[in-house]
K.L.:
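Handing you a structure now.
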Amino acid sequence: MTDSFDQLKQDCSQCMRCSLGSTRHHLVFGVGNEHAPIVFIGEGPGEKEDLQGVPFVGPAGQLLDVMLQLVGLDRTKVYICNIVKCRPPLNRDPSPEERDACSEWLQRQITLIDPKILVCLGRISATTLIDSAFRITRDHGKWYERDGRQIIATFHPSALLRDPSKRPEAFADFREIRAALRTLQPDCLERNISL
Ligand code: URA
């Protein structure tokens, strides 16, 4: 049977594979363009996301929107989701077991979207999708290849809110991402901003 976004959302909405399913208000599936050439992947929903069912709607999300805008992108051109689809209580890190339990949903999302580029937002996403030894301060902004896709990590927007001195490095990563997108999928970038 071929998969579809509707089928996937329906399957995912029933999920009780880990204990996060019993504490969520809403499952936070993902948002944006289901044909996007680029997918941004955070770690897991926070309080506002859990209440609204939409990823990155709190303060970190507002900063993410600004970073996207600075490089000519917005939520209509990209897809945004998380490693885990339900909020870890008190915003703790999702455990390895919770990440594993949720991985099928993310893998099916990525297969359906079929993006050229994946962007890990923060350590949890990078250690899950790139390398368990990934260190965000050391390894952000470097390209890797996984399953035929280009993948890169940058600082989580929450980390940039806590420590604004990291913002220039994160902005450099976004410019790098924009340059790769311009090469791999030029029609995605309407505005010809030179950065
Ligand atoms: N942080 C994340 O990693 N994801 C969200 O959706 C919100 C905050």
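Being a predicted model, the structure only gives us computed values, none of them experimental. Note that these values count all heavy atoms, side chains included, but never hydrogens, waters or copies made by symmetry. Just so you know, ligand 1 is whichever comes first in the structure, and atom 1 is the first atom listed for that ligand.
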K.L.:
Within ligand 1, which atoms have a heavy atom of Pro55 less than 4.0 Å away?
P.N.:
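Those atoms are 6 (O).
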K.L.:
Can you tell me which residue among Val71, Val78, Ile38 is in a side chain to side chain contact (heavy atoms under 4.5 Å, CB included) with Ile177?
P.N.:
Ile38
K.L.:
Given Gly44, Pro157, Gly42, which one has a non-hydrogen atom that is nearest to atom 2 (C) of ligand 1?
P.N.:
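The residue whose heavy atom sits nearest atom 2 (C) of ligand 1 is Gly44.
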K.L.:
Rounded to the nearest 0.5 Å, how far apart are CG of Leu8 and CG of Asp3?
P.N.:
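Reported value, rounded in 0.5 Å steps: 5.5 Å.
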K.L.:
For His156 and ligand 1, answer yes if some heavy atom of the residue is under 4.0 Å from a ligand atom, otherwise no.
P.N.:
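It does, in that a heavy atom of His156 comes within the 4.0 Å cut-off of ligand 1.
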K.L.:
Considering only protein heavy atoms, which is closest to atom 4 (N) of ligand 1, and at what distance to one decimal place?
P.N.:
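Minimum-distance protein heavy atom for atom 4 (N) of ligand 1 reads Asn82 OD1, 2.8 Å.
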K.L.:
Is Ser158 close to ligand 1, meaning an N/O of one under 3.5 Å from an N/O of the other?
P.N.:
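No, there is no polar N/O contact under 3.5 Å.
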K.L.:
Any idea which part of Glu43 is under 4.0 Å from ligand 1, heavy-atom wise: side chain, backbone, both or neither?
P.N.:
both
K.L.:
With rounding to the nearest 0.5 angstrom, report the CZ to CZ distance, Arg24 to Arg87.
P.N.:
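If I round to the nearest 0.5 Å, the distance is 14.5 Å.
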K.L.:
Does His156 form a ring-ring contact (aromatic ring centres under 6.0 Å, His included) with Phe56? I'd like the steps, not just the answer.
P.N.:
CA-CA 11 Å; His156 193 286; Phe56 284 100; 5.6 Å; yes
K.L.:
Please report the interatomic distance CD(Glu47) to NE2(His25), rounded to the nearest 0.5 Å.
P.N.:
9.0 Å
K.L.:
With rounding to the nearest 0.5 angstrom, report the CZ to CG distance, Phe174 to Leu64.
P.N.:
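If we round to the nearest 0.5 Å, Phe174:CZ and Leu64:CG are 5.5 Å apart.
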K.L.:
When you look for heavy atoms under 4.0 Å from ligand 1, do you find them on the side chain of Ala60, its backbone, both, or neither?
P.N.:
neither
K.L.:
Is Phe56 in polar range of ligand 1, meaning some N or O pair under 3.5 Å apart?
P.N.:
yes
